[in-house]
Each structure stands twice: as structure tokens, then as C-alpha cells.
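Owing to the predicted nature of the structure, the values given are computational and were not obtained by experimental measurement. Proteins come first, then strands; the chains are lettered A, B, ... in the order of their sequence lines, and each starts at number 1.
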Amino acid sequence: MTRWNRPTPGEREAADRSWEIVREAFEERIPVPRKRDWRPVPVVAFGIAALAAAFSPPGLAVWGSLRDAVRNQDHLLALPTTGRILVNAQGGVWVIQRDGSKRFLSGYDNAAWSPHGIYLAAARENQLVALEPNGKVHWKLARAGHVGAPQWSYEGYRIAYGVGRALRVVNGDGTRDRLLAVSAGGSGLSALAWRPGTHELAYNNGHNHLVLVDVDRRRVLWRRSATGLEQLLWSDDGERLLVADEGSRVLDAAGRTIAALPRRSVLPAAFVPGRHSVALVSVEKGLSTVSVYSGPRYSRRRMVFSGAGLFGGLAWSPNGHWLLIDWRSADQWVFLRSASVRRIDVRNIGNTFDSGPEHHATLAGWCCP
Amino acid sequence: MEAGSRGDERAWIRGAQSGSVPDLEALFRHHWPRAYRAAYLVVHDAAAAEDIAQEAFLAAVRCLDRFDRRRPFGPWLHRIVVNRAIDWSRSRALRRESGDASLAFVAAAAGPERGDTETLAAALAKLSPEHRAVIVMRHLLDYTPGEIADALNLPRGTVNSRLRRGLDELAGRLEQELR
């Protein structure tokens, strides 16, 4: 075999595109003096820490570093890393590509990415629709009631969705639609989650119980009491389940409680991709704070961002390097690098997605590598 | 692009460390083709190859200030590229979803001698990611088995056996393709 000297498909165009991104990252980077340890710097509740130290000379130096690390944008120009973002907004769904281009899919609601971001499942009044991000519809399924909250299983072979208070499951190709539970929900059908690597679905059965069901065998694997269930999230490996009900807790795959998180920790939440650590938002005295809890019992807490008002959503980038915070009260998206001070603020989010103060655009996922 | 001696590379890195965009661009343009080709020949997906090579360069930018100029840049970059490409291929194989297109080989622009190259790429695509990776590192990137073992964190014997089995299988696939 001789050495390969020919360009491979897409090589030259990819070089030009990538050079722009690499150059941008280079120009934004904070030059780090050799052997200096910057770890203390990013541990920042941005507003609090800076304000507390702002008037001392060392504080001014920190301010300078942070100011240099923050890039402000009046509009969303591009995503800072790979993947595509899905936003449920008034009157439809927005798909945002890596280069910042946005496509509006009118008339859809409650959209969710398929596991590799090739398709979306979305509701359109009484229909469940599977479509591509370019709007090409693959199949539709009409039901008697209002369709909501579709979610794909890990490999895309099953979709769970709600019709009124009922919970149904359909195959990924639109066949074999069947009823799973007559009454599910409680405070909302968003409280359902497929366990990765399985066809096991965790959901609220409507009787203040959280259940894990093997959908294919129609067998309840376990049942736990849960009042006011609002959100369920599995870690990528399917070994941890975050349950946001009246408190927030983390269960293992057998339904045993691993850790109870602070009561004031509320929605939204997001597991760090590929890890058991979880980012949670807590609200206290009008200040929202994003903290990452980690460790075997989730006893380690690292505060990463604070801001006045409410945060509407959290999403990790597929590579786990960036955390996107929908800072609803400030009409901003904040992109935070998870391992450095780098931060990008994007303003005018309501205007970007044609959503007024009464109709907030909702982050529905950042997909896929 | 073979221009660019070790001296040039050290100068580019030194320049980039002091903030020079032209030096960084020289480093990027010099190393991009092999990084992208290596990723492409392991994953056989142009978009994924672009992301993998790009992420490797972004990692380089992040570590630039700490990079030891005495070390060659290429092996460090290729280690990232090839390991990520293997991870991507494994993950792709495990998580193929309903209706997902197979890893289609996207043909290059037409050229008079393209047939052999396409055939080779198509045959290579049928090997496992682990076999593809060692063949790409050995025969595209010209690393020795010892260097490959170091980059992929494998025993040298494993690299040699993967090379031997991979090349045997590749020969068989090529025969089938050309039949």
C-alpha cells in the first residue's frame, strides 16, 4: 500500500471552513502564561464573585480577565462548537445549524431530536409528525386528542408521546402505534424519559408514582412514589436517573436513591454528556444559579454561573465542552465553556425567535456530534 | 504539502504562541490535509472528518500556550485525530438509528486515476475502525508501529497483529472489489 497523497472528499472546503473557526477561537483565547494555573479563575458565580472583589487591585485584574473572556453578540451568529440546536417557539420550531443559520418549521410544537439529529418528532395539533430538520415530512400519525411531548428511544426505534392524558408508543418508522398507559402525566408529560440502551421508559403514571416500564414486554420493572413530578432525565449510560419532583434526587437504574439534592434546586437540569455529574438551576432571592453536582453521592458542588431572574433551559453541547443557559429574564443565551472562563452572551433571543414576553422560546436540545 | 521543516514548524508555533495569526494559519494549512485525510479514512464521513480534524485543531489552540516547542506537532495532533475517529466509528456502529443512511462513501471529484483510489477507500471502509486506524497511521501518516502503539496506547504486538490482519483483510476486500 502506498502513501495516500490525493485529497479526500470535501477536504479543501472543510479546510477553509475550519480555518475560520480555528482562527476565531485563536483570537478569542486568553493567552496563558506558561505553567500558570488558571483553575481558580473559572470558578465564578460571575456577578457575585466579581462584585465582591471588584474594588481591590487583584479584583480589578480578575475583572479584566473576565471581561476579555466574554464576547457579546447582538444576535446568534454561530454556535461555538459542533451540533445543532432545536428551539420550540411561538408558532413553530427553529433549527439552528452550527454556522448560525436558522430554519423555521411552521406549525410544529414540542419537537425533539432523534438520537443522531437526523429527524425530529414534533406535534402538529392532533398529529405526531416525523420530519427532517429541512422540513421534509417522513410520516404523520393522527390521533383523537392533542399530541404532545414526543421522545425518541436511544436508537430511534421507538417514540413515546402523549395524547391528552394517555401515553402511547409508536415505532420510529410510524408503525405499530399502541397505548402504554391510559392516564399518565400529572403536572406534565414532559416527565418521561427513555433509559439509554434499552426500551425502558420512566414516566409518571398519574397516581403519584414514578414507574419504569419495559415497553416491549409491557412489564413494570419498578415503581416509586413521586409527587409533583416535573422532569426526568437519564445519564448517557442509563445508570442514573434525575427525578425532579417536590425535591430533586438521583436514583440508580434499580430505582434506589443515590442522592437527594438541595430542595431549592429546580428546573431546568441537564446531565453532563457521558458522565454522572448534573447541572442544576437553583433560585434564591431572585437570583438563579447553575451548579454542577458530582461525586458518588453528588456532594461536590461547583457553582458555574449566577444571574438575576429566571433561567429557562440548560443544554450541554454534544461534546460536553459548552453549557448553554437560556437566561430568560435577560433575554439572553449564555454559552459557557465548561473548562475555562470563556463565555459568549447572545442578546435579543426573543426577537431572534419571534417570541414576545408572553411566548418564550424553549430550548429543546443541542444535538449531535 | 511537504514544505515546512521542523525548523519552520517550531517558528510557526513560537509565532502562534505570541499571537501571530499568519503563523497559526501556516501551521494549520500545513497539517490540515493529513489530519483530515486520516479522520476521513477512518470514519468515511466527510462531515464527521471535518468535525474531528477541526476539534483537534481547536484542542491545539487551547493548549498552545503550554505546548512544548521541542516536540513535533504532527504526532500530537494525529494522536487526537485518530483516537477521536475510532471513538466516533465505534459510537456510530453502536447507535445506528432507524432509517439512518449507511456510512456512504462520498466520491471525490472525477479524475482520470480516481478508480483505484475509490476502490481502496471503499475496501478500507469495510474494515473495523481499529484496523482502519492502524493502516491509516502506518501507510498514510508514515508512523512506525512503535509510534502507533504509543499514540493509540496499545502494546506494540497488538499494533503489528492489527496491521497484519488488517492488510490481509484489505487485500481480500480489494480482490473482491476488483473482480
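- Of all heavy-atom pairs spanning A:V22 and B:L58, the tightest one is CA-CD2, 4.0 Å.
- The environment of NZ in A:K140 is sparse: at most 12 heavy-atom neighbours from other residues, nucleotides or ligands sit within 6.0 Å.
- Counted within 6.0 Å of CZ on A:R98, heavy atoms from surrounding residues, nucleotides or ligands total more than 12; the atom is thus considered enclosed.
- In the displayed structure, B:N153 atom CG is contacted under 6.0 Å by at most 12 heavy atoms of other residues, nucleotides or ligands.
- Here the closest non-hydrogen pair linking B:Y36 and A:P9 is OH-O, 2.6 Å.
- Between B:R37 and A:E11, at least one side-chain N (NZ, or NE/NH1/NH2) sits under 4.0 Å from a carboxylate O, which counts as a salt bridge.
- Nearest heavy atom pair, residue B:V61 against residue A:F26, reads CG1-CA, 3.7 Å.
- Taking every heavy atom of both residues into account, B:R29 and A:D16 meet most closely at NH1-OD1, 3.1 Å.
- Your options are A:G197, A:G10, A:A15, A:S153, and the one with the most heavy-atom pairs under 4.5 Å with chain B is A:A15.
- For the pair A:T82 and B:E55, the tightest heavy-atom approach, listed with the atom from each and the gap, is CG2-OE2, 4.3 Å.
- Neither the backbone nor the side chain of A:R12 has a heavy atom closer than 4.5 Å to any heavy atom of chain B.
- Interface remark: B:E25 contributes backbone and side-chain atoms alike to the contact with chain A (heavy atom separation under 4.5 Å).
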